[in-house]
There are 2 protein chains.
Amino acid sequence: MTERGAPSLIDVAREAGVSTATAGRALGGYGKVSQRSRDRVADAAARLGYRTNGLARSMITGSTQTLGVLVSDVSNPFFATALRGITDVTQPAGFEVLLSNTGGDVDAERRAMAVMSEKRVDGVIVAPALPSEGAHLARAIDVGVPVVLLDRLASGVPNADSVTIDNEHAVAEAVGHLVELGHRRIGVITEAGGDLAHLRKGNRKRGLLPSAVRLRGYFSALADAGITADETLVGAARYDRESAYDAATGLLDLAEPPTALLCTDNVLASGAYRAAQDRGLRMPRELSLIGFDDEPWTTLVRPGLTVVEQPTYDLGVRAGKQLLDRIDGGPGRARHAQLQAKLVARDSTASPR
Amino acid sequence: MTERGAPSLIDVAREAGVSTATAGRALGGYGKVSQRSRDRVADAAARLGYRTNGLARSMITGSTQTLGVLVSDVSNPFFATALRGITDVTQPAGFEVLLSNTGGDVDAERRAMAVMSEKRVDGVIVAPALPSEGAHLARAIDVGVPVVLLDRLASGVPNADSVTIDNEHAVAEAVGHLVELGHRRIGVITEAGGDLAHLRKGNRKRGLLPSAVRLRGYFSALADAGITADETLVGAARYDRESAYDAATGLLDLAEPPTALLCTDNVLASGAYRAAQDRGLRMPRELSLIGFDDEPWTTLVRPGLTVVEQPTYDLGVRAGKQLLDRIDGGPGRARHAQLQAKLVARDSTASPR
DNA sequence: CTGAAAGCGCTTACAG
DNA sequence: CTGAAAGCGCTTACAG
């Protein structure tokens, strides 16, 4: 804004010699207008350099043609790619995206939701920072703002649609691949180390971060293969490369080190990969390694990294579509879509020697 | 929206037993209100679940507290990182970001600008798709929407601020590094091959894409080193890995191949790196390679890639700050900031054997 | 097809 | 400090 006296519809109407109602109809493409009026109004608008005030329009129509997207970090390739999927499907439908970076902080997420709500977005796609905290999301739905959960579920939000990856299955495939190759001592590098105790008892799928779901999947996949899980082989790391490096090193230092390592995320994978290299371990002969997500570097390193490829872009596309559907379909039974990840075997995995 | 009868300020005022003016002042934090009124209004608002209608507020105040950001591709790590820089500095200042993906298409960019303008954003940060087309940006500035150019300039937009990288200097450093090591036949992989003829004559810095500026920088750096440029060593590629792979292969197939290769972008660098690997060339002994941008993979591959590191995150931060300054400073002489890139020498460069 | 009038939900002088 | 009234710039019944 800040523009000093931008021409309004009243100005255009006066210039065209019609009523504001007619001018509005001609410019907005609604209602009936004669060709003659339409032309005169169009001319007048062009002459004056008229731009519709979307604020005023939205206030009346009840639609802003804007969607909120809340993620923890846009610069993370995962979210950046999903975001691209979202905009690719919503922009052609006439929606713009209002982006908010929560930094993984629930309070920031709460504030962002409030802002989105005040700005009257038509719907929101959110990757909840903390699956256990869903009250603010439920509230949004209550006041009529459709919510689609992306990548992870949240508890206490029964009416939110969701689009997630079948992480349990994804990890099962990865572990299955290693078992088939003959591995029995399979380690895991995870950022859900803190949920370990929690996982042992509960079986709540709702309200778990992907990392925790993957860790649980790791245990059940081992069980399915008849392998007794050894918690010594769980390398807990924070979400950064250095920490993963240390966790991997720790496992490799074991008296009986694992012959294979599963990383539940690509940031962790890069740390583990580096740790293996620095130790002079030859992959896959001396160590098999599996990562998550098919990023460029995984094909550039030697050996190329075997990965579980998530359909990240598609995740965004599906979430966008689901939100659009919900926006014009109105409230109703929540829909939950689960996309399948795919194992891409490359040269970092082989039979143990 | 869509919410059926959300409570308005009138409802809150009635519930609190005050006028809408007082209710508005209490909730909006402007004007004078007695503590007593403030409390009653706050209670009433909480009871009713009142949410301010930002649309109505913005219409009056003339500010939406929203910034537009237009880039060609959010999923590109470069833009994703810059975007994070933008939100990190503008969100704390109370601004939200309206994101638009132009796909590098000027028409899409024009449409996006129009939408941003109708939505009355307080300002716009844009990485112009085509530096030669700036009319729509100039128009936005004319109607009072501050514009900050990101990463590249555009012609015909004299009043836009800009934050860019000093690409000329960045390339000069890279070439200088190679020359110092003793290289004389230095090839370049570029996506600005089409601008070659254009570059030979003109010297317009304005309105050139970074890739073209870098290519020009390559030529002038060679000249500075007293090396006669050999256009045979210019490998033109499209903006994808495969094309860069082919371009690099073409140069390496030359009767007199280059001993060093400069890639003006990291996507191109990954293609060239792969090409060198596939040819069995040992880096840096048989070929020196330099990339752009310091992405994770550059330290994961062996040898680690020597790169020109752009301050991408900072680019976003600076652009965000500049826009905020402009928004509360009002129009004035355009400011142009140029950030310096830095050469990070790793193991992919050495003296030619 | 057209227009006069009401109204969306706020904030802002203005007067008290 | 408080309130009645005007007004931001549109769209929407309603009547013609």
Side-chain angles (χ1 to χ4, degrees), chain A residues 1-42 44-45 48-65 115 117-120 122 143-144, chain B residues 1-42 44-45 48-65 115 117-120 122 143-144:
Chain A
M1 310 269 303
T2 318
E3 39 272 70
R4 37 311 126 96
S8 75
L9 196 53
I10 299 183
D11 301 315
V12 175
R14 189 177 306 139
E15 174 86 7
V18 299
S19 69
T20 59
T22 295
R25 286 191 267 252
L27 257 17
Y30 53 88
K32 303 282 177 194
V33 197
S34 68
Q35 189 56 49
R36 181 156 181 284
S37 298
R38 195 183 305 283
D39 292 344
R40 302 189 55 163
V41 171
L48 266 39
Y50 172 76
R51 300 173 299 145
T52 301
N53 184 322
L55 262 22
R57 170 178 289 172
S58 291
M59 198 152 65
I60 294 175
T61 61
S63 152
T64 53
Q65 296 295 106
V115 173
S117 185
E118 290 191 356
K119 288 195 192 300
R120 296 303 196 256
D122 295 332
V143 301
Chain B
M1 311 270 300
T2 318
E3 40 272 67
R4 38 307 119 109
S8 75
L9 196 55
I10 299 184
D11 301 316
V12 176
R14 188 178 305 140
E15 174 86 8
V18 299
S19 69
T20 60
T22 296
R25 286 191 267 252
L27 257 17
Y30 54 87
K32 303 281 177 195
V33 197
S34 68
Q35 189 55 50
R36 179 155 183 283
S37 297
R38 195 183 306 282
D39 293 343
R40 302 189 55 164
V41 171
L48 266 39
Y50 172 76
R51 300 173 300 144
T52 301
N53 184 323
L55 262 21
R57 171 178 288 173
S58 290
M59 198 150 65
I60 294 174
T61 62
S63 152
T64 53
Q65 295 296 106
V115 172
S117 186
E118 291 192 355
K119 290 196 192 299
R120 297 303 195 260
D122 295 332
V143 301

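Convention: sequence-line order gives letters A, B, ...; per-chain numbering from 1.
The distance from atom NZ of A:Lys32 to atom OG of A:Ser37, rounded to the nearest 0.5 Å, is 14.0 Å. The structure places CG of A:Leu55 at 9.5 Å from NZ of A:Lys119, a figure rounded to the nearest 0.5 Å. Here OG1 of B:Thr22 is found 11.0 Å from CZ of B:Arg38. Values are rounded to the nearest 0.5 Å. Note that CZ of A:Arg25 and OG1 of A:Thr20 are 8.5 Å apart. Values are rounded to the nearest 0.5 Å. Taken to the nearest 0.5 Å, the OG atom of B:Ser8 stands 7.5 Å off from the CZ atom of B:Arg14. B:Leu9 CG to B:Leu48 CG: the interatomic distance, rounded to the nearest 0.5 Å, is 11.0 Å.
Remark on DNA chain D: of its neighbouring residues B:Ala56 and B:Thr20, the 5'-side contact belongs to B:Thr20, judged by nearest-heavy-atom nucleotide. Position along DNA chain C of the nearest nucleotide to B:Leu9 versus B:Arg25 favours B:Leu9 as the more 5'-ward residue. Comparing B:Ser19 and B:Ile60, the nucleotide of DNA chain D nearest to each residue sits closer to the 5' end for B:Ser19.
Along DNA chain C, the stretch of nucleotides lying under 4.0 Å from any heavy atom of chain B spans, 5' to 3', C:dG9 to C:dA13.
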field: 5'-to-3' dot-bracket of DNA chain C (Watson-Crick, G-U; under 3.5 angstrom; crossing pairs as [ ]; | other strand)
entry: |||.||||||||.|||
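Using a 4.5 Å heavy-atom cutoff, the side chains of A:Arg120 and B:Arg51 are in contact. A 4.5 Å side-chain heavy-atom check between A:Thr52 and A:Arg57 finds at least one atom pair inside the cut-off.
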